[in-house]
Amino acid sequence: MQPRLVFTDLDGSLLDHDSYDWQQARPWLLRLKTLGVPVIPVTCRTRAEMLPLRQRLGLSDTPFIAENGSVVGLPPAWSHAHLEREPPGPDGVVMRNLGLDIAFIRKRLAVWRERLGVAFDTMGEMTLEEIMALTGLDEDDARLARIRQGSEPLVWKSDPSALAPFREALQDDGLRLVQGRRFWHVTGGPDKGGAVTWLVSRFKALRGCEPLTLGLGDGPNDQSLLEAVDQAVIIRGGAVSPLAPRQPALYRSQATGPSGWAEGLAHWWGSDAPRMTPKQGAVPGSGLG
């Protein structure tokens, strides 16, 4: 039996864009956990945000990709002493920074803002009240959103025509500018798709077989994720610009948010779910038994 992995965006996909509710997706999350199919968040959120959120979602046994691909968190079943450079934290998660350090990113943003004469506000410069107003997060979650390792969100305030030279300048520094629903995100290193490819390679190194992968997302920063998987779902309603991933196995949901997420799962794997049985002795939720 070919193992399966689900890679999913959070905000606007598994989580409702405005309320952050996910109850419409709960039956599928429980079903996949029972079947031993890992659901792996791929998000612009930070490590600090993901550690408590994955507990609430019941995903504490699975990896996560944070900050648009810059950071990967590996639970014990996905890490190996000979492959890791850092020891696990007190939560048991090994963190891998695949991109450039946040200090370098913020330094170069300050340089290009001055040289190009453009205006933007970075999350690191915002007050908690400003972040709360932009995101709808409460104070505790807004504080966690500011603890960044490898990416910086920003609100663009100059003319849109100035985005192209700004993007080119960042590329000269090895940085990438990607569009989300609330923010533009500046990252260094792999995008979401690159981090997915890295994590699939880790799975194959530990398990010794090729998984079938499904990806779900709703925004421009999810395009590389949707191209890096075997089957993909574009969730309706989130894109601020049209999404057209290079992906032959593509489904566009009719519903939005977690309802669209569940619809996409049902489209690709609904009739096949009874055969998605974990091997005897498998670790539930890890896919690495």
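Computation of the quantities below employed the complete heavy-atom set of this structure, encompassing side-chain atoms and omitting hydrogens, waters and symmetry-equivalent molecules. Residue indices begin at 1 and follow the sequence shown.
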Using the rule given for side chain to side chain contact (heavy atoms under 4.5 Å, CB included), can you reason through Arg236 versus Arg252, listing the C-alpha separation, both sets of side-chain angles and the distance that settles it, and then say yes or no? CA-CA 7 Å; Arg236 181 184 176 189; Arg252 295 178 183 268; over 6 Å; no

Steps toward side chain to side chain contact (heavy atoms under 4.5 Å, CB included) verdict (Glu152, Thr187): CA-CA 7 Å; Glu152 183 72 306; Thr187 65; over 6 Å; no

Let's go through Leu265 and Leu214 carefully: what are the C-alpha distance in whole Å and the side-chain angles of both, what is the deciding distance for side chain to side chain contact (heavy atoms under 4.5 Å, CB included) to 0.1 Å, and is it a yes or a no? CA-CA 9 Å; Leu265 260 295; Leu214 174 65; 3.8 Å; yes

Tell me, with the steps shown, if Asp61 and Lys33 meet salt bridge (Lys or Arg N to Asp or Glu O under 4.0 Å). CA-CA 10 Å; Asp61 294 331; Lys33 188 176 184 68; 3.6 Å; yes

Carefully, step by step, assess Trp261 and Leu10 under the rule side chain to side chain contact (heavy atoms under 4.5 Å, CB included). CA-CA 10 Å; Trp261 191 91; Leu10 291 183; over 6 Å; no

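Remark: Arg202 fails to qualify as a cation-pi partner of Trp78 under the 6.0 Å distance and 45° angle criteria applied to the six-membered ring. By the 6.0 Å and 45° rule, Arg96 does not stack over the aromatic ring of Phe64.
With respect to Arg113 and Glu125, a salt bridge is recorded, a charged nitrogen being found less than 4.0 Å from a carboxylate O. Salt bridge present: Asp11 and Arg45 bring a charged side-chain N and a carboxylate O closer than 4.0 Å. Ion pair Asp9/Lys192 flagged as a salt bridge, since at least one NZ, NE, NH1 or NH2 atom sits closer than 4.0 Å to an Asp/Glu carboxylate oxygen.
Distance check, rounded to the nearest 0.5 Å: CD of Glu168 to CG of Leu116 gives 10.0 Å. Between the CD atom of Glu227 and the CG atom of Asp222 there is a distance of 11.5 Å, given to the nearest 0.5 Å. In this structure, Glu210 CD and Asp230 CG are separated by 7.0 Å, a value rounded to the nearest 0.5 Å. With rounding to the nearest 0.5 Å, the separation of CG in Leu212 from CZ in Arg4 is 5.5 Å. Here OG of Ser60 is found 4.5 Å from CD of Gln55. Values are rounded to the nearest 0.5 Å.
The closest side-chain heavy-atom distance from Leu226 to Phe7 is not below 4.5 Å. Using a 4.5 Å heavy-atom cutoff, the side chains of Met95 and Val71 are in contact. In this structure, the side chains of Val39 and Trp28 stay at 4.5 Å or more apart for every pair of heavy atoms. Val37 has its side chain out of reach of Leu5: every pair of non-hydrogen atoms, C-beta onward, lies at least 4.5 Å apart. Contact check for Ser259 versus Asp16: no side-chain heavy atoms found under the 4.5 Å cut-off. Counting heavy atoms from C-beta outward, Leu154 and Phe183 have side chains that stay 4.5 Å or more apart. With a 4.5 Å cut-off on side-chain heavy atoms, Leu250 and Ile234 count as touching. Counting only heavy atoms from C-beta outward, the side chains of Arg176 and Asp191 approach each other to under 4.5 Å.
The closest donor-acceptor contact from the side chain of Gln24 to the backbone of Pro258 lies at 3.5 Å or more, if one exists at all. Between the side chain of Asp173 and the main chain of Leu175, no donor-acceptor pair closer than 3.5 Å is present. Of the possible donor and acceptor atoms, none in the side chain of Glu114 sits under 3.5 Å from a partner among the backbone N and O of Val111. A donor-acceptor contact shorter than 3.5 Å links the side chain of Glu49 to the backbone of Thr46. Ser158 places no side-chain N or O within 3.5 Å of a backbone atom of Val118 that could act as its donor or acceptor partner. A donor-acceptor pair under 3.5 Å links the side-chain atoms of Gln247 to the main chain of Val229, judged by distance alone.
Atom CD of Gln2 sits in a crowded spot, with more than 12 heavy atoms from other residues, nucleotides or ligands closer than 6.0 Å.
Relative orientation of the Trp156 and Phe120 rings is parallel, given thresholds of 30° and 60° on the angle between their planes. The aromatic rings of Tyr251 and His267 sit parallel to each other, their planes meeting at less than 30°, with 60° as the upper class boundary.
Asp159 meets the side-chain contact (heavy atoms from CB on, under 4.5 Å) test with Ser161; sequence neighbours excluded.
Exactly one residue among Leu98, Ile40, Thr213 makes a side-chain contact (heavy atoms from CB on, under 4.5 Å) with Leu199. That residue is Ile40.
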